[in-house]
Amino acid sequence: MAVSGGPFGTMDGALLLKIHTLMVRARILEERCIKMGRTGEGYFWIGGPGEEAFNVSLGLQIKKGQGPRYDYLNFHYRNSATLLAMGAATIDSIRQMRTVATDPYTKGRNFVNHYCVPEWNVVPVSSTIETQYSSAIGTAIANARTPGDAVTIVTGGDGGTAEGDFHSCLVWANRPVLPLPILIIVVNNHYAISVPEQTQHGEKKISDWGKVFGMAARTIDGNDVAESYAAVGEALAYCRKERKPYLLEAVCSRLYGHSSASGANRVNETDCIALFEEKLVAQGFAKKEDLEKVWSQALAEVDDAHQQVKKEPYPSPESIWEGVYAEPLPPSYPTKGGS
Amino acid sequence: MAVSGGPFGTMDGALLLKIHTLMVRARILEERCIKMGRTGEGYFWIGGPGEEAFNVSLGLQIKKGQGPRYDYLNFHYRNSATLLAMGAATIDSIRQMRTVATDPYTKGRNFVNHYCVPEWNVVPVSSTIETQYSSAIGTAIANARTPGDAVTIVTGGDGGTAEGDFHSCLVWANRPVLPLPILIIVVNNHYAISVPEQTQHGEKKISDWGKVFGMAARTIDGNDVAESYAAVGEALAYCRKERKPYLLEAVCSRLYGHSSASGANRVNETDCIALFEEKLVAQGFAKKEDLEKVWSQALAEVDDAHQQVKKEPYPSPESIWEGVYAEPLPPSYPTKGGS
Amino acid sequence: MANMVQAIRLALHYGEENLGVREIFGEDVGPPLGGVFTATQGLRTAWNSPLDERGIVGAAMGLAWAGFRPVAEIQFVDYIFNVIDLLKLAANATWTSGGRYKTPMVVMTPTGSGIHGSIYHSHSFDSIATKLHGMKVVCPSNPLDAYGLMISAIKDDNPVLFLKPKALLRVKGEELIPGEPADEKELRAMIDAPIGDRSQWKPRWPDVKEYAVPIGQAKISKAGSGATVVTHGRMVPVALEVAKALAAAGTGDVEVVDMRSLVPYDWELIKASIKKTGRVLFLNEETEITNFGEHLFRRTVDELFYDLKVRPRLLCGKATPGIGLSPALEYATVPQKTDVERALRELIDEPA
Amino acid sequence: MANMVQAIRLALHYGEENLGVREIFGEDVGPPLGGVFTATQGLRTAWNSPLDERGIVGAAMGLAWAGFRPVAEIQFVDYIFNVIDLLKLAANATWTSGGRYKTPMVVMTPTGSGIHGSIYHSHSFDSIATKLHGMKVVCPSNPLDAYGLMISAIKDDNPVLFLKPKALLRVKGEELIPGEPADEKELRAMIDAPIGDRSQWKPRWPDVKEYAVPIGQAKISKAGSGATVVTHGRMVPVALEVAKALAAAGTGDVEVVDMRSLVPYDWELIKASIKKTGRVLFLNEETEITNFGEHLFRRTVDELFYDLKVRPRLLCGKATPGIGLSPALEYATVPQKTDVERALRELIDEPA
Ligand SMILES: Cc1ncc(C[n+]2csc(CCOP(=O)(O)OP(=O)(O)O)c2C)c(N)n1
Ligand SMILES: Cc1ncc(C[n+]2csc(CCOP(=O)(O)OP(=O)(O)O)c2C)c(N)n1
Ligand SMILES: [Mg+2]
Ligand SMILES: [Mg+2]
């Protein structure tokens, strides 16, 4: 039986195994997408393998729903495990990877892991680094104006903190006339594509940006489930109650490099799932065989989904005209592409 | 005779009186420009009355010359006293205010106090708030690459620190692979046009931005000549020697409001010249009458210059085509403004 | 009659009371100033932002996605060029999300020259604005249209860029806004903040009514059969003045089309006018290398080549890096009345 | 033969050794990557910047004013839209300063579609680029021109925007760069970094020679007398392929004009070609509402109306908010070979 206390504190076995399953499902899904990129079934791949410990911990503690009484999520392109933890379907990411018309996020228009879920306040993920830290200002103002405990969450990478949008987010989050209930997350994987963080960033820790305002800020080991789950819980509780900002830096691995552009090959960094499984077994929360079953089930899930998606149609050429505006295109809008 | 030590420390009488004269000349010049705006002899006015103590202290300690072995100056539109301290002619500002062709900074094209002096490394002042903090990165890299003790100096306001360019400047100044010899100055007059600093800025002090990097940073009373002169000296010495950045916040008055758009009326804030004169007299560095003579001489100087400028021609319509490129316009460049 | 800033203020007031506008913000937009041109004076939901255009547009996007129908201001269009990426994101969010997200937000900003604004208070923005596909772009030439376009912009479920011609902001209208007091002194006393201390001041709002100028509808400001001028914003009164003078002198019968919406634009109305007159001048303030008028010009040649009596014309700004402050420089750079006269003369006089 | 990234790399090498280039930088521009397309691999003065386009362009401006002749990279033109204000400052500094400051800097950036780049790796930028008056804008269609244009860009005393067509970066040239080894395998072994650990690697540079393609000079890529296509960058090989096929089939004699420089552009050459053929198609990838081709189109009508046998044409991208990833979407949005064929057919077949 599970040892109480220990490395997982008050987290119970059911929660731990739920987290484990989500982490594995996310990993298997990303590995499938990488493969689809390699075989030419999809194009560019970018995603979150290596961030599952942190991202699942985040996804499970979000107040999910539509409108300003719920959390707003301004994500970047590595939050697949967060989406799965929120309840997203594996198949939808495979749809986006294959660019089929049934891709519910972008209709086959955007790269994989560029989500958009209005029902859960997941605003459109954009490839433009750091702009989500600017739009997060707006969703956080909406949360601030609305009675209740909903907050805005924004995620991005270490490299992106060099952009002015990160500055804007910090400045606006700390406005004396309206402090914002916003959890500002930076996932530090120590690289921006090929550029090592320590060559370009003079901050000792990214969370040191909080010192300017004396704001709540912390750096954690995002490869550790227990630390991540507790830190996200604490930070969210603070934002929800105090209606103030919190800066959370999570140090994570980047297990398949930056993206398919750099080969998407497995690298030798800490694997948060392996680490977690070791502890689960050591503490008696699970047996090795149980955990292996989780992997094979996740694989079967992805296989099924993949088979299904292969039968689905690609978007039609004419569909480019859908959604230019919220209403249909005016009849005299130029659509010929010239004369 | 002058009291040694006292509020002026080691500054000698000659230096103090030189500073005083420059401050007065700058004030009189700005007041003339304000008047020219009112009478329709010029258009928009913006400038630096109230910042003379700090700006003269800065101007006198610049390593002046052309090229990367000298200091680069990335100024905003309130540095008139710095320019005069560097040796600029009063008449040139009046030329710019009247938009005559002899305006050496911009040929009658830009607002007053938008300088540009290639011989002294004063790069073109632009109305766009905070962009000088981005171009300063480049001039500072040039200084860093060049043996010697030259540095880059950049100035701007408190409000502008909310822009991302301020962030870029801090990040690049503190890059581990190439720290920059740059004096990053923020003149805090507590307002951005009509918006009070304390409503929008959660930092206790603007110099707290230095805490992110543990960089040298300080806030001073920019209305005080002795404190300003010493602080600029210390900060410049640090940058020159250590080849590292320094963040200096100078709290100053905004004696005629934001600009002519807000009326350019005198407001009730500390007047650095009055303060300085009191101390000069109290410490025996000057008599009241001597100081009054400085004012009347400055007025005469401005009167003469103004009379001269009135005789000078405005730029010709065709001159709009000069300087589009570094070389003459290619013959087939479209110049008709349409068909 | 209300001038254009008053008209915009009244529309924003109508918007916050009746159309769900919950946040109006930007640099100096809240008290005490209420906007550098006073367009937001006295509004209940107007507030000051940090000096940060990226934060302003980012905030507007987020608020739009949350359904708050924000109206954000960029203090001058000259200072919009560091947020083109964010405007693009606002414009493409609906399309990118496969139609699932709406981005109902208004970004308003003073545009154009004519106030001795020098290099950074004289910019026009039409060609870039019309390239932010998914964004609607409007530009009124008079207070009543400003009122009606702002109400449409607020109600629209797409992002709308509302360009305010700087030089027309203080020009009074010729038609009353529905609900506006007939006496303009009374209006001023009701809604203009007093000079000096205004900390205790509150506006008394007239009971203005909904009046929408549909986005995408141009207007024939003056009918004519001899030639068409297609223009917008600050150039409308100039074109009208010239057209009326020609009519009075009996030397030309010019139709003036005020586009009002740049995108989507009223191609049907423009086309009908050109078909009728067979002669057309496209007129705007922006510089000539890649000018929005060139798009209209090209489409005219594409679709109306055989209806044209003479080749179409463009009159616009010179392709200089800026507009100089000394008046001779500005006048040589941006079309002036005499330039419009000359262009129209040539257009009319050319044998068919 | 060198491909386009190799050609650019050789030109930059020539620049740092002979033309005073002292800083080459941008995101991933230095070791180990040497640029996401390897355009800066092995260069002595290439270094990595923070992930901050504003800092990159700001640094370039400051370095230019200090005489360091920087070459800065924006990783993709899709990520240039947050620095338009800074590019404008770089472009207007000479004019604003009354001609006293020069701003010799190069900003290079991959442009256009054709690599399944989806919404943010498919942008074109021509119309905004050509509106940054004071900036020069070039865009090569083959390695030798890329080499020659980069050398001219480096030598120029004005800021130059160097647009690199993404889809052509790996396409080999048909002409040798002066000094390039004849064997392309040898070139690769000399200047391409090895796969895997490259910490010890150093390039062996061939002794390339100065070769400048003057900015402002277009080129006739294929002569013809029946119709003119004016194009640049990625559309040049497409136009050439179609033109050659038409010639081979004896169904059309098309002249292909490769602009190479967008601003200042070679109006004399374009004009002469249109005068000769009387038929012209402007072809580019960018979206159609306010498209740089529309500027050229308008000028053609202004100056060559009576030389035209039939109305001029524009073929360009559709005015959608983005270019979709699924191939059918991209192909429906950006001109493809079949579209060019159809447009040229119509142009040629229309009775004069
Ligand atoms: C504005 C912008 N600039 C450049 C890029 C190209 N780019 C894509 S990902 C990336 C690195 C991001 O690094 P980091 O912020 O650390 O996030 P990570 O990918 O490591 O999670 C870059 C430079 C971009 N997408 N957007
Ligand atoms: C990018 C930009 N946004 C807005 C403006 C309009 N503007 C001119 S001065 C100013 C306030 C500047 O305040 P601060 O930075 O405190 O400097 P100060 O004028 O007080 O010295 C504003 C908003 C501008 N010039 N540039
Ligand atoms: Mg990273
Ligand atoms: Mg200030």
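Residue numbers begin at 1 in each chain, while the letters A, B, ... track the order of the sequences. Just so it is clear, the model here is predicted, and its values are computed rather than measured.
Residue C/Tyr120 touches chain D through its side chain alone, counting heavy-atom pairs closer than 4.5 Å. With a 4.5 angstrom heavy-atom cutoff, C/Arg313 does not touch chain D via any of its atoms. Interface residue D/Ile323: only backbone heavy atoms are found under 4.5 Å from chain C. For D/Tyr306, the part sitting under 4.5 Å from any heavy atom of chain C is the side chain, from C-beta outward, and nothing else. Residue D/Arg299: no heavy atom, backbone or side chain, is found under 4.5 Å from chain C. With a threshold of 4.5 angstrom between heavy atoms, D/Phe305 approaches chain C through side-chain atoms but not through N, CA, C or O.
For the residue pair D/Asp126 / D/Asn284, no side-chain donor-acceptor distance below 3.5 Å is found, with atom types taken as modelled. With no hydrogens or angles considered, no side-chain donor-acceptor pair links C/Thr130 and C/His295 at under 3.5 Å. Checked by atom type, the side-chain pair D/Thr277/D/Thr228 shows a donor-acceptor distance below 3.5 Å.
Heavy-atom pairs under 4.5 Å with chain C peak, among D/Ser127, D/Ala91, D/Gly134, at D/Ser127. Your options are C/Val83, C/Ile289, C/Asn92, C/Leu296, and the one with the most heavy-atom pairs under 4.5 Å with chain D is C/Ile289. Of the listed residues (D/Thr94, D/Leu314, D/Thr290), the one with the most heavy-atom contacts under 4.5 Å to chain C is D/Thr290. Of the listed residues C/Ile128, C/Leu132, C/Val263, C/Leu86, the one with more heavy-atom pairs under 4.5 angstrom with chain D than any other is C/Ile128.
For an aromatic pair to be called close, the ring centres must be under 6.0 Å apart, and D/Tyr265 with D/His232 fails this.
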Pair D/Phe81-D/Phe125, ring-ring contact (aromatic ring centres under 6.0 Å, His included): steps then yes or no: CA-CA 9 Å; D/Phe81 295 91; D/Phe125 187 59; 5.5 Å; yes
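Across all non-hydrogen atoms, the minimal contact from D/Leu161 to D/Ile80 is CD1-CD1, 4.2 Å. When all heavy atoms of D/Ile119 and D/Gly322 are compared, the pair lying nearest together is CG2-CA, 4.4 Å.
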